Student: 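Following this message is one structure expressed as structure tokens.
In this text, all values refer to a predicted model and were calculated from it rather than measured experimentally. The chains referred to below are lettered A, B, ... by the order of the sequence lines, with proteins before strands, and numbering in each begins at 1.
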Protein chains: 2
Amino acid sequence: MPANALGHRARLNETRCQTCSLSSLCLPLALEVEDMDRFDAIIRRRAPLKKGEALVRQQAPFSSVFAVRSGSLKQLISAGSGDEQLSNFYLPSELVGLDGIDEGSYQGTVVALETTTVCEIPFDRLDGLSENLPELRAQLYRSLSKELRDDRRMLRLLSRMTADERLASFLVNLSSRFRRRGYSAYSFRLSMSRADIGNYLGLAVETVSRILGRFQQQQLVAVSGREVNILDLKKLSELANDGCPYDG
Amino acid sequence: MPANALGHRARLNETRCQTCSLSSLCLPLALEVEDMDRFDAIIRRRAPLKKGEALVRQQAPFSSVFAVRSGSLKQLISAGSGDEQLSNFYLPSELVGLDGIDEGSYQGTVVALETTTVCEIPFDRLDGLSENLPELRAQLYRSLSKELRDDRRMLRLLSRMTADERLASFLVNLSSRFRRRGYSAYSFRLSMSRADIGNYLGLAVETVSRILGRFQQQQLVAVSGREVNILDLKKLSELANDGCPYDG
DNA sequence: CGAGTGGTTGAGGGTAATCAAGGGGTGTGG
DNA sequence: CCACACCCCTTGATTACCCTCAACCACTCG
């Protein structure tokens, strides 16, 4: 068998939802085997993104949503006066681009934080398919609705929480998202810079740094560069005072 | 013709989308006449809500979304420690309850700010109908997506804007929403209290009051209690520094 | 080796919160 | 009809949190 044929086979295999380790979290989660094949068929593979590469650019015409396969991304929304608001981090199984449906253009530039692979899902195909697959439709609604819910959580964080609470909430939230994806909830690597964290949480970089230092002194976490070890998740959750400490 | 029959006819008529003045903004906006009738058929009329009455309560099981016909509402999300975050105001034609789809329960308590009428739309019926009506489906996606977009705007507001900018942005946003609904963009009545505004914008009541006073001194607005007259929408928009000054 | 990036730490100042008090409107009951 | 209470709003004084500015360190890369 020629090498390129094997390569082709392997590549196809990689994109198959049935063999994807994320299938229990991703869009097709509720589909039967044959329906999953139909879903599979509309997905487009993309070359992996390098760190810093943009997946979509703000105001580019909306055509697809993207499911993260591996790696992570950030969404930046820039408004007139130059400043860029970091509005979201995306981890594996999460959907990028849903906020572009309304206006028909992407609402922010989405940039890879590390080497990242995504599945491209053309939205018109997805919409057509969902016509006959109530489960897929429901899952799409849930994804949209969940993002709304997360944003509302952020609204509360930004309008009512102190800097300490924001950082605690951020770490606890990351922790539970990693846990859900089968990674350790206690030990992980931040793919984003301190500046990104500050931007996201509405804090200055210096404040992020200082508070992480304080958390370390208080034996809540051990931080070394971007490596994080959570030492006292319970106290951190209390600090975050988030309502639902163990949910992402 | 007996009086109650007339009453019944009139009541039915009121709820018909075809005669509703909001039809160009609301969910069925893209539907053909016969499809609109089918949509009409699933809508449930509700008795008007009095000021302060709750439309839905946080954590109650999700079953319907609600389109605002007249009046206005606020959504309150309460987290463990007693504080309540005001996450949204809803004006006529806007949809309440979309963020409940994901978890199957309403994410906040939604309370009428004044006498308010809504159309109840059972979500399972809506979902079923949308199966065969791509335009309805698209509009539903747009509604969800638009709410995401609005929330992202709020994230930026809360994390990067000064108190002055927040108030300006709030007023400009209200103004354009009123305009879109056929009301004056320059003269309107706030249905929410200063406390509500402060809660929503992440500011103390005192700050809201002070800044409104300052805006008045600067001839940007004329405020008398809850009556607002916008005197210089252009300057206010610049102050808000929102990117898109004339969009709701 | 120098430049650049990302992170940490320290000093000082500004913005908005908090604390405190008083005014104006409305509704209710005497 | 008036008095009182209550809520909403305003205004003033003080305080605190976090931002800004600035310097420095560790590491990477040309």
Side-chain angles (χ1 to χ4, degrees), chain A residues 50-52 74 81-86 111 113-114 156-171 189-218 221-229 239 241, chain B residues 50-52 74 81-86 111 113-115 156-171 189-218 221-228 239 241:
Chain A
K50 296 200 194 75
K51 178 175 173 174
K74 62 179 173 183
S81 41
D83 70 343
E84 293 200 316
Q85 165 71 22
L86 203 167
V111 176
L113 291 167
E114 57 197 314
R156 199 176 81 84
L157 180 142
L158 290 172
S159 86
R160 310 193 86 75
M161 291 191 182
T162 65
D164 289 58
E165 291 168 333
R166 294 183 199 191
L167 245 311
S169 175
F170 176 71
L171 291 172
R189 183 170 204 288
L190 301 173
S191 58
M192 66 292 287
S193 69
R194 301 288 193 271
D196 286 336
I197 298 174
N199 188 333
Y200 181 59
L201 297 178
L203 299 172
V205 196
E206 297 93 326
T207 306
V208 174
S209 186
R210 268 185 260 271
I211 290 173
L212 282 179
R214 206 183 311 149
F215 281 179
Q216 186 144 261
Q217 282 187 345
Q218 298 167 352
V221 293
V223 182
S224 168
R226 295 193 175 182
E227 292 297 332
V228 174
N229 266 283
L239 237 179
N241 151 49
Chain B
K50 295 198 195 78
K51 178 176 175 175
K74 61 179 173 183
S81 41
D83 69 343
E84 293 200 317
Q85 166 70 21
L86 204 168
V111 176
L113 291 167
E114 56 197 314
T115 303
R156 200 177 80 84
L157 181 143
L158 289 173
S159 85
R160 309 192 86 76
M161 291 190 182
T162 64
D164 289 58
E165 291 169 333
R166 294 183 199 190
L167 244 312
S169 175
F170 176 72
L171 291 173
R189 181 169 206 288
L190 302 172
S191 57
M192 67 291 285
S193 69
R194 301 288 193 271
D196 286 336
I197 298 174
N199 188 333
Y200 180 60
L201 296 177
L203 299 172
V205 196
E206 295 93 326
T207 307
V208 174
S209 185
R210 268 186 261 271
I211 291 173
L212 282 180
R214 206 183 310 148
F215 281 178
Q216 184 144 260
Q217 281 187 347
Q218 298 166 351
V221 294
V223 182
S224 168
R226 297 192 174 180
E227 293 296 333
V228 174
L239 237 178
N241 156 45

Student: Send over the distance from B/R189 CZ to D/dC9 P, rounded to a whole Å.
Tutor: 10 Å
Student: Contact class for B/G198 (heavy atom, under 4.0 Å): base, sugar-phosphate, or nothing?
Tutor: nothing
Student: What is the distance from CD1 of B/I211 to P of C/dA16, rounded to the nearest Å?
Tutor: 6 Å
Student: With sugar-phosphate meaning primed atoms plus P, OP1 and OP2, does B/L212 contact a base, only sugar-phosphate, or nothing at under 4.0 Å between heavy atoms?
Tutor: nothing
Student: With a 4.0 Å cut-off on heavy atoms, is A/R166 in touch with a base, just the backbone sugar-phosphate, or nothing at all?
Tutor: nothing
Student: Report which part of the nucleic acid A/A163 touches: base, sugar-phosphate, or nothing (heavy-atom distance under 4.0 Å, all strands).
Tutor: sugar-phosphate
Student: In whole Å, I'd like the distance from the CG atom of B/N199 to the P atom of D/dC9.
Tutor: 13 Å
Student: Return the nearest nucleotide to the side chain of A/E206; candidates are D/dG12, C/dG6, C/dT9.
Tutor: C/dT9
Student: Rounded to the nearest angstrom, tell me the gap between atom CZ in B/R226 and atom C1' in D/dT10.
Tutor: 15 Å
Student: Counting the atoms with a prime plus P, OP1 and OP2 as sugar-phosphate, which does B/S209 contact under 4.0 Å by heavy atoms, base, sugar-phosphate, or nothing?
Tutor: base
Student: If you find the nucleotide of DNA chain D closest to B/R210 and the one closest to A/L203, which residue's nucleotide is nearer the 5' end?
Tutor: B/R210
Student: Select base, sugar-phosphate, or nothing to describe what B/R214 touches, counting heavy atoms under 4.0 Å on all strands.
Tutor: nothing
Student: If we ignore hydrogens and angles and just use 3.5 Å, is the side chain of B/D164 paired with the main-chain N or O of B/I211 as donor and acceptor?
Tutor: no
Student: Roughly how far apart are A/L190 CG and A/D196 CG, rounded to 0.5 Å?
Tutor: 10.5 Å
Student: If I take atom CG in residue B/L158 and atom P in nucleotide D/dC18, what distance separates them, rounded to the nearest angstrom?
Tutor: 15 Å
Student: Test your reading of the model: is there a side-chain donor-acceptor pair from A/N229 to the backbone of A/A222, 3.5 Å cut-off?
Tutor: no
Student: From CZ of B/F215 over to P of D/dT10, roughly how many Å is that when rounded to an integer?
Tutor: 13 Å
Student: Given C/dA16, is OP1 or OP2 found less than 4.0 Å from the side-chain N or O atoms of B/T207?
Tutor: no
Student: Evaluate the criterion side-chain contact (heavy atoms from CB on, under 4.5 Å) for residue pair A/R166 and A/L158; output intermediate values, then yes/no.
Tutor: CA-CA 8 Å; A/R166 294 183 199 191; A/L158 290 172; 3.9 Å; yes
Student: CZ of B/R160 versus C1' of D/dC18: gap in Å, rounded?
Tutor: 15 Å
Student: Rounding to an integer number of Å, can you tell me how far A/E165 CD sits from D/dC17 C1'?
Tutor: 12 Å
Student: The side chain of B/R194 is closest to which nucleotide in this list: D/dC18, D/dC9, D/dC21?
Tutor: D/dC9
Student: Which distance, rounded to the nearest 0.5 Å, do you find between the CZ of B/R194 and the CD of B/E206?
Tutor: 13.0 Å
